[in-house]
2 protein chains.
Amino acid sequence: MKPSIKDVARLAGVSLGTVSKVLNNNPTVKPENRMKVLRAIAQLGYRPNPFARSLASNKTYMVSIFLPIMSSEFYAYLFEGIDDELSNAWYDSSIYPLFSKRRLVDYSNPNAFPYQSDGVLLVSLIPEKLFEGGHVPTKKPVVLVDACSKKYDSVYVDNVYGGYLAGKHLLEKRGEVFLISISEKGKPEFASGVFEQRRRGFEKALKEAGLALPNSHVFEIGESFPEAFTVAREILQRATLPVNIFAVCDTLAMGVVEAVKESGLTLGTDVRVVGFDDLKWSEKLGLTTVRQPIVEMGKKAATILLKRIVGDDSPRYEVRFKPKLIVRSSTGR
Amino acid sequence: MKPSIKDVARLAGVSLGTVSKVLNNNPTVKPENRMKVLRAIAQLGYRPNPFARSLASNKTYMVSIFLPIMSSEFYAYLFEGIDDELSNAWYDSSIYPLFSKRRLVDYSNPNAFPYQSDGVLLVSLIPEKLFEGGHVPTKKPVVLVDACSKKYDSVYVDNVYGGYLAGKHLLEKRGEVFLISISEKGKPEFASGVFEQRRRGFEKALKEAGLALPNSHVFEIGESFPEAFTVAREILQRATLPVNIFAVCDTLAMGVVEAVKESGLTLGTDVRVVGFDDLKWSEKLGLTTVRQPIVEMGKKAATILLKRIVGDDSPRYEVRFKPKLIVRSSTGR
DNA sequence: AGTAATGAATGAAACGTTTCATTCAAAATT
DNA sequence: AATTTTGAATGAAACGTTTCATTCATTACT
């Protein structure tokens, strides 16, 4: 039989109410008792029954996560941060991928299932583009991650600056400059604009050096590895070496790296590549990249959402993380 | 205040227990009373409180849906069918996209969150490839959709036959034959094999006509529109007209259609295309395609899962739908 | 030292269902 | 007509929490 709050109370030698207080971070419990309770919880492997909590408190202890459907590792990291923070507060999360506009229409109804939760995390999504009227159809707290809106709490990385860092770095090298970006034209509702921002920063760096980025040096593709591979192959065929490429995310950069391998050219001298994200395998690949603190962003967003859920009504939070350039062998040593 | 079961009971003039029986499809309630209760439910807009149900019954009234992350419309339709059926039984669903191997590892733990639900729907996924030991790590019922395994209830479409239909149809036309398929090589765990099956059927049709499909006529790409577009452009440039193309899903076929438009050639005479799925816009596009009953598949799978949840222990269900060729202008009239 | 104010802990009631032993009514059997 | 069986409906108990009015113990103030 799974342990209940009663078992915890008995083992800790306190009352039901005290255990409940500990679970809910109520400050009116003596540190000594709190410790006893936490020890008992750990010892029994106790986890509160979410249904009982919900029934009694009329809260759900659930947060809904909306995200555009993209298969990037990025989300795996982001969720790691989010889930970590939520589970500390004994919360759970439910994911709602926006497969299609149809699904989006469903979620324009304030009674839709995802809004039964205590709060909503909007990932890489912008309410103004997503919903008519420009706001999420719920009274529950909403926090944006990897996106920014003036009307909502927002946690994101300074993408413009990140692009700028990439540009600055590549300009130290000899050779022509190319950009491989992701097009969000086909699905304006689901566009977060981050790739556009990275491009702006990149172009700013060029402009400061008195350079411009001709259209022929810009490639806008889907978010997949094979597309980047194909496009990179094309660049390598027609450009004069050396070539410097900024890919707006590491998945694309990886496609470029593979194309370089295939071509027999040397990465870091003939062809230099800068990515964006710094995923797990980026280091192994020796990929120079703009690192964003993905896990940390997830944590921060979850923290803010939890605060709002328990009633924090301070003015809008806006947390902008600074990305950092990580130099590796893909741009020489 | 939201109506509770008490309000329903009062309005219907029966006891609490009777209403509960109706909610749970217990047959020991007189049709007359059942009607009264259902009327009261409709009149009040009553929905059972899932938390209370769960607490009392030790069930969750939730099913978990696992799926590989792909952004196809296909899933939107499938969920339509699934959700429709589930909501009839007052059940809800939760989606767990398999973003990464990391996530898959989490789900190899029988205590992972998704297994807290009453049952699992595995979409386009094969347990043998997914999990060590070849089975889903839970005692709860599991049903596969858009995939088939000898160990689990399976609901799917006869993809081999579908490919065969496409092949037969294209062979009635003059000209060379090409195949654009989706490569699942990069992620063997998440491969469902459907595209491979469609290809097999397609090749079978060719073989019956004494033809073979040379490697140079096969293109394996990612699942995105732009990739198909690029590949189709390539085919159109180097092949001699007329050209007959089978794309293993409508998203890819759409890429081909766009490439044809761009090239100035005529769809249906210079270039003929057959897709697979029959999505909403396929008809508008005049796309000849192999229709699979997606919504119906979703419904069927949900129905079986619900039966299993309430204790049905009949031998393994295997439901194979027959796909159907829908001829439109993309292959001439 | 006596009283008031504060800080913590308590435990009973409530949350909205399911479940199941019990009751009641009707039908079937003797 | 009396008895047994069957079919439905009932309502109290249970599920595991939160909440909150109350109590108890301590500290601070006259």
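Quantities reported herein were computed from a predicted structural model and do not represent experimental measurements. The sequence lines fix the lettering, A, B, ..., with proteins before strands; numbering per chain opens at 1.
- Formation of a donor-acceptor pair under 3.5 Å by the Tyr317(B) side chain with backbone atoms of Val143(B) is not found in this model.
- No side-chain donor-acceptor contact under 3.5 Å links Ser124(B) and Ser192(B).
- As a whole-Å value, the separation of Arg34(A) CZ from dG7(C) C1' is 14 Å.
- Nucleotide dA9(D) holds its P atom 10 Å from the CG atom of Asn26(B), rounded to whole Å.
- Environment of CG in Asp312(A): crowded, with over 12 heavy atoms of neighbouring residues, nucleotides or ligands closer than 6.0 Å.
- Separating the CE atom of Met35(B) from the C1' atom of dA9(D) is a distance of 19 Å, rounded to the nearest angstrom.
- Side-chain contact annotation: Thr28(A) with Lys21(A), donor-acceptor N/O pair under 3.5 Å present.
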Between protein and nucleotides 13-28 of chain D, map the contacts as a letter string: B base, S sugar-phosphate only, - none, heavy atoms under 4.0 Å, written 5' to 3'.
--BBBBB---------
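- If you measure from atom CD of Glu32(B) to atom P of dG7(D), you get 18 Å, rounded to the nearest angstrom.
- Of the N and O atoms on the side chains of Thr60(B) and Gln116(B), not one donor lies less than 3.5 Å from an acceptor on the other residue.
- The pair Lys150(B)-Glu318(B) meets the salt-bridge criterion, with a side-chain N (NZ, NE, NH1 or NH2) lying under 4.0 Å from an Asp/Glu carboxylate O.
- For Val14(B), the listed nucleotide lying nearest its side chain is dT10(D); candidates were dA8(D), dA9(C), dT10(D).
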